[in-house]
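To keep things clear, I will list the structure first and then write my remarks on it.
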Amino acid sequence: MATHYAHKMLFACIACVLILIPPAFGQVERTEHVLTTRITSSINLARLVDLTAQLNHIEIEYRPTLLNNKVVTLRLVHEVTPHELWDLCLTILHSNDLTIIQRSGKEGLYAVVTLVEAAKETLPATSFDSGPLAPGYQAVIRPLISTDPESVIESFKPILSNGSKLTITAAPALSGVIVSGVQDRIEYALDLIDKLDSSLSHPVITTISVTHRSATEVLAEVKAIAATLANQGGMDLVSDMSADINRQAIRIIGPESEVNSIEALILAADQPSEIITKSFDPRGYPLDTVASFIETMAKDASPRGSGEQWKLVQDELTNTLILSGTLTELEAAEAAIEQLAMMPADSRRVIKMIPIKNREATKIREIAGQLLNATILGGGGDSGSGTDDGIDRQAEPVSAQGIGNVLQDEGQRDLELAVDSELNMIIATGTPKRIEQLEKLIKDLDVRQPQVQLEIIMLSMSESESYDFGVELAGNIDTGKTLVGLGSLFGLSNLLPSSTSAQASGSGGSAVILSPGDFSAVIRAIDTVNEGRSVSMPSIVVNNNETATLNSTTTQPFLTTTIQDSTTTTARGGSASAGTTITVSPQIAAGDDILLDYSISLSSFVGEAASNGVEPPTQQTSLNSIATIPDGYTIALGGIEITTEGDSDTKTPGLADIPILGELFKSQSNSASRSRFYVFIRATVMRSTSFEHLKYISEELAGELDVDDGWPVVEPRIIR
């Protein structure tokens, strides 16, 4: 009986084992003419009962509402026979307070009922049915020879509880007891009753719990020690000892005088297992995946496990797992890894969809392909490496059929990369280890880049001064026969001796002396001073290592006149542009210093076109350089200064050279101008992950322009 009981417990343990097997259920195989089946993954309890009935060629009735809502997960390490499946089904039903009974008077008809219903419907039998398809719940009459029923019931009180699924009642009329309960518990109870009703004088039942080791291991060691002591002439134990697997305890049936001695042996054998450290090869799988698998398969959460001393370290340097645990845990870990190693190589290839959140997926794929020597898909062909050759920067999304073709390519590499540009996602196909390398690399590459605010001030200042002084003299000499006119004219005015008014015109200070008909004299002096200042203050926000461009231009069209066959045609000849173009690329270095690559171009129109159809003249100033500035500092650029000076004398030859008097025969013009161009750039790093910096400067500028109240406000509304 004990062997049969242990056999059933084995199936209960098998049901809890977790291994990696493709999901399926009801797959039937025939091996050496023995019908077997493999049950894996999740299965409805009703489906399990149906499968058990089908394979054992019996009928099992049940109420659908009793089973349909119950789902169990089974992962077995081997196929099970129909009789093994029967025992497994009973174990699972008992754990759900259900069982299978055989209907009275209906031979071969079984039914799934609750344990309460089973206790009411099952009639006592004179013998225990231990056959292959024995009912899960039975009631057995056990006659007693040397022990009274009350003593038996009293002895069972320490091990009976509300959840024991076992009851023992006295049957004085039958000179015995009636044992009712689930199959394995009845077998356990009948074995104890037989020992209590043996020839031992005043036997007692004692149960001693074990903590650090399994009950089977402790019992084996206690029996070995007891046998050694008996051979050496020491105590010879007559008590019967057995392992109670369910309760993790040692059951003792024998004289009370031996209980203390046996308990001492049990405590000596029930010591914590030694902690051992061992390294494991993940067999090509990712370290974290294998570590999680080993912890599920090997870690013993019971007191006999390593407990807090369990330690599993992922050594990425040597690509190994270092495990500290008990010998049993280490053996379980080694067995789990061996199971992984037995999987076919083709089944180890996986497809992983990796979303790229902060950068362009094509760029990430290009970098990852170069570093990991991956095959690039979706381009002009297999590049064979991660270089630019064959990379399709505008790759189309890869279809499921395309991925399937990739998996069937025998010459493929162990990592292929494609890009879904619409979802900004990398589609990777390869072994788990290579996928793990890719994910770690992408985690480092796909980071949100801090932003840089660039505040630029372009300052243009101009100064000019011009001085003009001139004297015009004109006179008429009338000899009566001949009229002679003399003059030293420089275009200062329109006054002549023939003028009748001495009214001066034009700019500047003027003095006019006029003798109508005889002579005129004009003296003019003007001093012109100009000062100009132009300030442009654009502000740009750009990601780290990206390029920002600001372009503000003015376009001026010009016309072209064509004369053909006495017909004049005026049309647009083209246009000329002038303005400001700024290109800036910041790179954040260590300590938040900013490496700034900038290009600034400032152009302007400086006059009218020389002739029709010709572009107006422009002046252009450019700055190009690379500089490093601290965060928040301002760099001054440019400082271009242009100075122009000019002196012009217009004079009457000969007369203008006469000392002092010659000044009356000159027109002088002196000019001086200076223009300066400066650029100031202030760079500020904005690292806030929630974009608080950007929100602040945007709201501040909106407040200055009095537009912050103009944004639409989202308010909840009730839709009736």
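Keep in mind that the numbers below use all heavy atoms, side chains included, and drop hydrogens, waters and symmetry copies.
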Heavy-atom pair of closest approach, residues [X] and [Y]:
X      : Y      : result
Gly181 : Ile186 : O-CD1, 3.1 Å
Leu438 : Ala428 : CD2-CB, 3.3 Å
Leu267 : Gln271 : O-NE2, 2.8 Å
Thr326 : Ser273 : CG2-CB, 3.7 Å
Leu45  : Leu98  : CD2-CD1, 4.4 Å
Lys165 : His94  : CE-O, 2.9 Å

Between [atom1] of [X] and [atom2] of [Y], what distance do you get to the nearest 0.5 Å?
X      : Y      : atom1 : atom2 : value
Ile364 : Ile442 : CD1   : CD1   : 7.0 Å
Lys433 : Glu436 : NZ    : CD    : 8.5 Å
Ile427 : Ile354 : CD1   : CD1   : 10.0 Å
Ile594 : Thr628 : CD1   : OG1   : 10.0 Å
Asn319 : Gln314 : CG    : CD    : 10.0 Å
Leu55  : Glu84  : CG    : CD    : 12.0 Å

Side-chain contact test, heavy atoms from C-beta onward, threshold under 4.5 Å: evaluate it for [X] versus [Y] and give yes or no.
X      : Y      : value
Leu323 : Leu312 : yes
Arg283 : Glu338 : yes
Leu48  : Leu85  : yes
Met686 : Pro450 : no
Phe280 : Leu330 : yes
Val49  : Cys89  : yes
Ile266 : Glu263 : no
Ile435 : Leu415 : yes

For Thr375 and Leu377, what are the C-alpha separation, side-chain angles and deciding distance, and is it a side-chain contact (heavy atoms from CB on, under 4.5 Å)? CA-CA 6 Å; Thr375 302; Leu377 303 178; 4.2 Å; yes

Tell me if a side-chain donor or acceptor on [X] pairs with a main-chain N or O of [Y] at a distance below 3.5 Å.
X      : Y      : answer
Asp631 : Val685 : yes
Ser95  : Ile92  : yes
Arg434 : Glu416 : no
Asp446 : Asn358 : yes
Asp315 : Thr320 : no
Ser306 : Gln309 : no

Check step by step if side-chain contact (heavy atoms from CB on, under 4.5 Å) holds for Arg365 and Ile376. CA-CA 8 Å; Arg365 179 184 66 165; Ile376 303 300; 3.6 Å; yes

Please name all residues satisfying side-chain hydrogen bond (donor to acceptor under 3.5 Å, both in side chains) with [X], sequence neighbours left out, ordered by chain then number.
X      : result
Asn544 : Gln449
Ser324 : Thr277
Thr206 : none
Glu316 : Lys440

Side chains of Ser585 and Thr547: do they bring a donor and an acceptor to under 3.5 Å? yes

When you look at Leu441 and Gln437, which way does the side-chain contact (heavy atoms from CB on, under 4.5 Å) test go after all the steps? CA-CA 6 Å; Leu441 180 59; Gln437 292 176 343; over 6 Å; no

Among Asn56, Thr81, Thr91, which residue meets the side chain to side chain contact (heavy atoms under 4.5 Å, CB included) test with Trp86? Asn56

Using side-chain contact (heavy atoms from CB on, under 4.5 Å), reason through Asp281 and Ile337 one step at a time and then give a plain yes or no. CA-CA 8 Å; Asp281 182 1; Ile337 292 181; over 6 Å; no

Suppose we screen for salt bridge (charged side-chain N to carboxylate O under 4.0 Å, His left out). Which residues come up paired with Asp300, at least two apart in sequence or across chains? Arg304

Output all residues satisfying salt bridge (charged side-chain N to carboxylate O under 4.0 Å, His left out) with Lys278, sequence neighbours left out; order by chain, then residue number. Glu334

